[in-house]
Amino acid sequence: MVESDMEKPLLGVGNAKHASSYDLSCGDTVGILGTGDFSRSLAIRLLHSGFKVVIGSRNPRRSSGLFPEEVEVVLQEEAVKRVELLFVAMFRDHYSTLSKFSEELSGKVLVDVSNNLETNLHRQSNAEYLASLFPKCHVVKGFNVVSAWALQSGPKDGNKQVLICSNSPEAKNHVVSIARRMGFIPVDMGALCSAGEIENIPLRLLPLWKIPVILTICLFTFFYCYNFVRGVLHPYLVENKNEFYKMPVKVVNTSIPCVSYVLLSLVYLPGILAAFYQLHYGTKYRRFPDWLDEWLRLRKQIGLASFYCASLHAVYSLCLPMRRSARFQILNDAVKQVKLNVSSSWQEEEVWRMEIYVSLGIMALCALSLLAITSLPSIGNSLNWREFRFIQSKLGFVALIIATLHTLTFGWKRAFDRTHYKFYLPPTYTLTLLLPFIIILAKLVLFLPCVNLSLMRIRRGWEKGQCVTFSHVQELSETSSNV
Amino acid sequence: MVESDMEKPLLGVGNAKHASSYDLSCGDTVGILGTGDFSRSLAIRLLHSGFKVVIGSRNPRRSSGLFPEEVEVVLQEEAVKRVELLFVAMFRDHYSTLSKFSEELSGKVLVDVSNNLETNLHRQSNAEYLASLFPKCHVVKGFNVVSAWALQSGPKDGNKQVLICSNSPEAKNHVVSIARRMGFIPVDMGALCSAGEIENIPLRLLPLWKIPVILTICLFTFFYCYNFVRGVLHPYLVENKNEFYKMPVKVVNTSIPCVSYVLLSLVYLPGILAAFYQLHYGTKYRRFPDWLDEWLRLRKQIGLASFYCASLHAVYSLCLPMRRSARFQILNDAVKQVKLNVSSSWQEEEVWRMEIYVSLGIMALCALSLLAITSLPSIGNSLNWREFRFIQSKLGFVALIIATLHTLTFGWKRAFDRTHYKFYLPPTYTLTLLLPFIIILAKLVLFLPCVNLSLMRIRRGWEKGQCVTFSHVQELSETSSNV
Amino acid sequence: MVESDMEKPLLGVGNAKHASSYDLSCGDTVGILGTGDFSRSLAIRLLHSGFKVVIGSRNPRRSSGLFPEEVEVVLQEEAVKRVELLFVAMFRDHYSTLSKFSEELSGKVLVDVSNNLETNLHRQSNAEYLASLFPKCHVVKGFNVVSAWALQSGPKDGNKQVLICSNSPEAKNHVVSIARRMGFIPVDMGALCSAGEIENIPLRLLPLWKIPVILTICLFTFFYCYNFVRGVLHPYLVENKNEFYKMPVKVVNTSIPCVSYVLLSLVYLPGILAAFYQLHYGTKYRRFPDWLDEWLRLRKQIGLASFYCASLHAVYSLCLPMRRSARFQILNDAVKQVKLNVSSSWQEEEVWRMEIYVSLGIMALCALSLLAITSLPSIGNSLNWREFRFIQSKLGFVALIIATLHTLTFGWKRAFDRTHYKFYLPPTYTLTLLLPFIIILAKLVLFLPCVNLSLMRIRRGWEKGQCVTFSHVQELSETSSNV
């Protein structure tokens, strides 16, 4: 029985079981049901990839003007009869209108390319719904992650990956080869039950950025309010000085570096927590708690947010001497100095503090910018794991140390000066130093030979209270651990 | 024993030994006719991908030194006889010298890898010319988009896409599998008639950038001349003041932001025109006029040009306090203030204007820089359509609004001050406000519920004067429209 | 006739018409020996790509908790028996523990995914060692360039290329198709003897950056010391002025532009040397000396180092007016001016010098930034060779010329002023001008019609002392030469 089943043409494509016939049959004809934007773009791209395209329309005469001449636009019933593989480029709500063709469609391949307007709108994914309507068809989900625009702009631009799933391996394979001929990189996602997941992908809205962005906004709001109280409200209430003009630039520029600095330390904290977690439990086979796993995954985004804030801080700082207020202050100071008859106001210590602090700030920004550049997918992909780790982990930590020195030099002796504690509130830079100090200390502890050795052993598979000669050490734990 | 072993399913996968024989025959031998740079690079890359390479040369003894040892360099006649697939790495002018081998070549595959020196130099593409010379050969066009350098630098670098076309599906498929084994992403471009198109690709010179660059240059020239007249010529002629020193920096820095601002509004104008076009005709099935289509396609480039100008404006502005002229002015002002015995020259309004305006400028630049970053292919490709639209459309419009506020704060009350109308010419920032104002107004109109609803309906397929229940609404109009 | 034609091997490659059976058998089961991080990530990715996965463990009960439910974790002996293709995710040291299964493994495919901790640690590559232990198995090397993290993060992120080699074409092909289904881009690297090379790839540490980074550091150290002597030590020793405060910013900012400028000229020098080399020997078929080849290959990295220094120079310069020292100097100058009763200190020439020099600096940075952007892999890959050359070669040379003008304007007349020769040492900018001047002169010589023509002829294949009608001119020398 199986034999005879193998004999009969499967998928309607001649002798599929011999051969890459899919690849070979360059004149393949594929059908598209529907005449919307996506249908049009798909038709054009298929044409350019060497396929013959037949469009099934309810009103061929009207629709044919929308397609290139080489495309045949016929009635749906005709398309359904003539072609063995059909893209269903229609809304889910109208799938049922195809039921009248269920006879003719039997045994054919239907490719569901649809998207939803909202995540998890329906209990069943569109593709599974289509499969339930046409149980005799081979339903394949795919191409929904590609936009009409990306289809039309040709293989040079746009996302190249097409996620494909189906319960029929042969049908899936056919669609995979079509995707490949169109210049996409098909990714096999297994059975049709993955369709729901695939349909949700185009509806994502930067999920990895949600927490880092909220975190950044919260930190900024906190530091801004704090600095507003210290820098604007305090002078107004206590000394009756109007310094509200500092709100748009000065207060922002005192808050942003704090945000950047805290975010940078939050990039390195989870790795340290993970190391101590592993040391404590004496194994790497124990799953991290979910929040730590999530945090480890978000390090790249948090790091980029930190770099973004650091760049902003740089731009704001560079703008300082450009402002009118700076100009007026210099003029007034000059007049004051003339009146006091001071020939030189040079303060060697202040000069040194500023030179060093500016210099360290530039260096920290430089180091961070290298991190940001290697975070670009196209650069990151050209690095191997060792190179990536060297830059992200070593250079990143160097950036944290330089930023700490930058903060310390900025603070100088003022951190211990009581006049700088307005309303008993310490300056923000002293607040932000706490976390990085803990991290640097923890790193030093982890670098102690005994601790380091023990950690290395654990990461290669050793477990506490276990005979070493025996077990998991022998199994591969790549140097490429992601902690 | 070995025989019987071969009989039984190898790798557990049915009849593996008959399979994908192209891919499998790892010892494939391919030939190359010609011994130039491209030939050498091709040979090296083929070797590294596991092929045996035979070079056909007119003078094997001389040429063999140019190739790695593993490559066999033989006489052309011998190569032609021994190998079934030959890369023709020769100039078009010399194709005819191969005619003497037409007997031996019959039935074999010739891969034309040639490029021309100019677009449309010949009536017939090189590959079609080759096919006309050897009608019994299977001619395939391909690999011409890859440079000798990219071939040699290995699969890690360089463009990965290879466009391939041929009239023989089998021959094309063979070349496709060779390209894939070499680590390229082959793209099937259909029949040999596409060869002309493929041959023109390496001759393109940034075609999408032509209009945006010309536009930028024209706008800059206009604004520069305008500002030169107002800022340099007017003081010289009317007040007899020599302010020619402003030409290299100051006048440039008044002109560039105008260019940037106008370009940014030109990014959002075509989308609005398209929306009104669709509203007016009550359908999305009517093609936009060509100029609008072209304009819509160039938005990314225009946007990047705008960002580039905005960055330039930032750098120029930051350089202002560094200049000697700024220093001399402060010094002279200080001296003047002392002479007038003014202890404070502080002008609260001026201070506020500048602080807000600097702050807004930084914000606009930040928003634009996010747009520019997501325009990088590697970032853009990792976003889905919804994310891309969110950043490019929403964030871009926010940038336009912030830029408008930046311009308004810069102008402040001076826009209505008659002394600022030199030669009756208004300041440039008032000129540039016109377009963005129209766009913001139009956007507001489009956001009105009634208009918005009608537009949404049209974009889902609805047409004016048509029964809704009946037709095209049911066909898929992706949320991913590109307007 | 057609039939018999189909019978005979087409394209010289066996029996193409049966095939791709690997791709079709979508329900493939694969095994993994080992339960480390890599094993876990591999299992998850294989599952997501539609494979059934069987893990062979020494202690299935313990390990099964580490894997998703759908994965079967069994004893090693069982896995070895049941599956035909096994990933060996173990350390090299433990390969020998598998010897007891050598009977069951016979004829099966073993995929070696291991990495070493150091380059060339062992005489024999891991894969070759495995093959020597199991001579009856088909050993394939692959997947070692992929990290556990990249495997798990799915096909969207991470490096997509997987280098594969094996002595068994069938086994290699099977692994190639598995890699492709997982969304990777497999690259065939030929026979198993390439395994050593493949195993060294993940151990590389930015090999192309070593020389440029060392070069940059050496140049910086030299210029820094030189400028320290001239700018700090000389005033201290000769005029007894304490200007040590200049060390962190001022001296750095005099040294970095020199580094950037010298590096930029070192990008264009090797191309010119290569051209003169070809002109001298009258052929392009003579290999360049190794150092020149290496230098040509490193141009991109040297150029990026130059851009990085140029950006640093820009940031340092922009920070100058922000420093306390600048403020104190202005204040003191103002007081001095008041005392001397000078109403205007305006120096027209100084003002012009600075305006022009700032303007040229910005332009040079702009040009360099375009070069840097097109060096990003994702941008560079979207350009054809002509576009890439236009930007990198033409625009780069324009940047060199602007940088030269920038340097000349900075120097102005001071270059010839004896008071600027401290300790008989000329200012650094005069030193750095030497190399670019030579390059610009050489470029002019190469642009002379006679020289240019001769060079063009050589690059198309012509050779000195040879009859032109006869030989290599006919062979393709792509316009895409890499010099």
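In this text the structure is predicted, and so the values were computed from the model without any measurement.
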Taking C-beta and beyond as the side chain, do [X] and [Y] meet within less than 4.5 Å on heavy atoms?
| X | Y | result |
| --- | --- | --- |
| R324(B) | E355(C) | no |
| V187(C) | R181(B) | no |
| E387(C) | P207(B) | yes |
| V335(B) | V342(C) | no |
| P248(B) | V358(C) | no |
| N242(B) | E348(C) | yes |

Can you say whether [X] sits under 4.5 Å from chain B via the side chain, the backbone, both, or neither, judging by heavy atoms?
| X | answer |
| --- | --- |
| R286(C) | neither |
| Q329(C) | both |
| L365(C) | neither |

Find the one option among [options] whose heavy-atom pairs under 4.5 Å with chain B are most numerous.
| options | value |
| --- | --- |
| A314(C), P186(C), S317(C), S194(C) | S317(C) |
| M363(C), R297(C), M322(C), Q347(C) | Q347(C) |
| I373(C), N341(C), L370(C) | L370(C) |
| I164(C), I379(C), L320(C) | I379(C) |

Counting only non-hydrogen atoms closer than 4.5 Å, does [X] touch chain C with its backbone (N, CA, C, O), its side chain (CB onward), both, or neither?
| X | answer |
| --- | --- |
| K339(B) | side chain |
| L331(B) | both |
| Y308(B) | side chain |
| V338(B) | side chain |

Item checked: Reported CG-to-OG distance for the pair L376(B) and S378(C), which is rounded to 0.5 angstrom ->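 It is 5.5 Å, given to the nearest 0.5 Å.
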
Notebook entry, point to check: Once you round to the nearest 0.5 Å, how far does OG of S359(C) lie from CG of N253(B)?
Noted result: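 With rounding to 0.5 Å, OG (S359(C)) is 10.0 Å from CG (N253(B)).
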
Item checked: More than 12 heavy atoms of other groups within 6.0 Å of F244(B) CZ ->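 More than 12 heavy atoms, drawn from other residues, nucleotides or ligands, come within 6.0 Å of this atom.
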
Note to self: Please enumerate all residues that pass salt bridge (Lys or Arg N to Asp or Glu O under 4.0 Å) together with E243(B), with sequence neighbours excluded.
What the structure shows: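 E243(B): salt bridge (Lys or Arg N to Asp or Glu O under 4.0 Å) contacts with K246(B).
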
Checklist line | Parallel, tilted or perpendicular, as decided by the 30° and 60° cut-offs, for the rings of F328(B) and W346(C) | finding: tilted

Notebook entry, point to check: Between R386(C) and P202(B), is there a donor-acceptor pair closer than 3.5 Å when you use the side chain of the first and the backbone of the second?
Noted result: no

Next item on the list: Would you confirm whether N384(C), through its side chain, and V145(B), through its main-chain N or O, come within 3.5 Å as a donor-acceptor pair?
Entry: no

Check: Taking 4.0 angstrom as the limit, do R327(B) and D333(C) come out as a salt bridge?
Finding: yes

Item checked: Passing option when I362(C) is tested against V252(B), V249(B), L312(B), L318(B) for side-chain contact (heavy atoms from CB on, under 4.5 Å) -> L312(B)

